[in-house]
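Given the structure is predicted, the values throughout are model-derived calculations rather than measurements. Every number for a ligand or one of its atoms is a count from 1 in the order of the listing.
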Amino acid sequence: MRSDWPSMTAGFVCFARGVATAAPITQATLADEAARSLLPSPVASLIPRTGAPWARLAQWPLRVASAGLVDHLALRSAAIDQAVREAVDAGVSQLVLLGAGLDARAYRMECLGAVTVFEVDHPASQTYKRDRAQSLSPLAKLVRYVPVDFTKDDLARSLREAGHSAAEPSVWVWEGVTMYLPREAVSQTLSVVSAASAPNSRLAVTYMSTPAKPIPQGLRRLLDLGLSVVGEPLGANFTREELAALLQEYGFSVEQDENSRQWGTRFGGHAQLSLPFRQERLAVAIKRS
Ligand SMILES: C[S@@+](CC[C@H](N)C(=O)[O-])C[C@H]1O[C@@H](n2cnc3c(N)ncnc32)[C@H](O)[C@@H]1O
């Protein structure tokens with residue numbers, strides 16, 4: 001990504017969560033009111049007011065115009081939130097958000113009251129987030145900001161210096177990031193994550209799955225062009241087997257690997273609307289020793 005500009009894709013997904021908050025889309029209602037504070041005011045003003053009688057009606061055109069991103073994010077958030085809750089219930093007291101963007105879990109998840117949240121992100125994105133988050137009160141015990149560029153900075157040292165303990169289990173969330181990184185950066189980051197993960201640590205990572213049939217060239221060019229314009233061209237993709245093998249190499253066993261079809265079964269909602277994003281999958285893995 002560009003080194004001098006906050007991530008635009010982080011803004012898109014934050015907007016989508018804000019829209020998904022306006023009226024429930026799944027049974028696991030998303031309550032990301034912080035999205036409004038984290039977005040630039042003109043963009044935030046497009047989000048329908050939560051609970052307003054017209055909220056659902058006003059939400060529909062945005063769900064359609066987002067090509068399903070709003071529904072995808074409602075489901076993806078529900079699946080990752082559940083993985084975080086399960087980790088906290090199992091006694092984990094450190095949450096590390098890798099490529100945090102405008103993720104507001106530290107400000108919206110009540111289960112984090114005894115948990116320290118480490119927000120790791122590219123310095124350009126993080127400067128913007130810290131500035132916007134000043135008006136928010138965390139629900140987490142502590143929020144620590146850790147500026148890191150995965151392609152060149154020393155993540156291990158930065159985490160240590162921020163107070164992360166490799167002797168205590170962590171839950172790592174790597175949401176919507178690996179697809180913008182080269183494979184080497186994914187592997188290098190995983191080796192740091194593994195070394196900093198005490199037994200019973202968990203990792204929830206989303207990844208772009210390799211399509212069974214190649215994407216038509218015209219569509220692929222259009223996608224590449226759009227993401228290059230915002231400075232975030234696509235990077236790595238993996239088959240399920242490749243991703244599971246890579247995680248295993250770093251000591252994490254995959255317990256669950258799903259996409260929006262399965263999330264829709266678990267949480268309700270309109271999984272068919274999120275079809276354009278179905279290639280993004282979520283693997284939830286545990287490090288047992
Ligand atoms: C699509 S956003 C996802 C943000 C957040 N995880 C979420 O789901 O809302 C991608 C995030 O990856 C981060 N990112 C991309 N390349 C990065 C890099 N080389 N080093 C650190 N962060 C990076 C961006 O700063 C951005 O916050």
Between W172 and H164, what is the ring plane arrangement, given parallel below 30°, perpendicular above 60°, and tilted in between?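 If you compare the ring of W172 with that of H164, the planes turn out tilted.
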For [X], take its heavy atoms, then give the atoms of ligand 1 lying under 4.0 Å from any of them.
X    : result
S125 : 24 (C), 25 (O)
F150 : 18 (C), 19 (N), 20 (N), 21 (C), 22 (N)
G99  : 4 (C), 5 (C), 6 (N), 11 (C), 27 (O)
V148 : 20 (N), 21 (C)
D121 : 13 (C), 22 (N), 24 (C), 25 (O), 26 (C), 27 (O)
S7   : 24 (C), 25 (O), 26 (C)

For a quick test of your reading: what N or O donor-acceptor pairs under 3.5 Å do the side chains of residues 39-47 make, sequence neighbours left out?
| unit_1 | atom_1 | unit_2 | atom_2 | d |
| --- | --- | --- | --- | --- |
| S45 | OG | P42 | O | 2.7 |

Just by distance, no angles: are the side chains of S274 and R76 close enough, under 3.5 Å, to form a donor-acceptor pair? no
One residue to check: [X]. Relative to ligand 1, which of side chain, backbone, both or neither has a non-hydrogen atom less than 4.0 Å away?
X    : result
R76  : side chain
Y180 : side chain
D149 : both

Other than W60, what residues sit in its cluster of Ile, Leu, Val, Met, Phe, Trp and Tyr side chains whose heavy atoms are under 4.5 Å apart, directly or through others? V64, L273
Report the residue from R130, R144, K129 that forms a side-chain contact (heavy atoms from CB on, under 4.5 Å) with E119.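 For E119, the side-chain contact (heavy atoms from CB on, under 4.5 Å) test succeeds with only one of R130, R144, K129, which is K129.
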Shortest non-hydrogen contact from Y107 toward A34: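 In this case the closest contact between Y107 and A34 is CB-CB, 4.4 Å.
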Is it possible for you to say whether L203 and F118 belong to one hydrophobic cluster, with membership spreading through side-chain heavy-atom contacts below 4.5 Å? yes
Indicate yes or no for a side-chain donor-acceptor contact from E258 to the backbone of L282 under 3.5 Å, with no hydrogens or angles considered. no
Where the closest heavy atom to atom 5 (C) of ligand 1 is concerned, which of A10, G176, A100, G235 has it?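 Residue with the shortest heavy-atom distance to the ligand atom: A100.
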Under 3.5 Å between some N or O of ligand 1 and some N or O of G101?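 Between G101 and ligand 1, an N or O pair is found under 3.5 Å apart.
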May I ask whether [X] places a heavy atom under 4.0 Å from ligand 1?
X    : value
Q126 : no
K152 : no
L181 : yes

Just verifying a value: how many Å separate S7 OG and Y128 OH, rounded to the nearest 0.5 Å?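 Atom-to-atom, S7:OG and Y128:OH are 11.0 Å apart.
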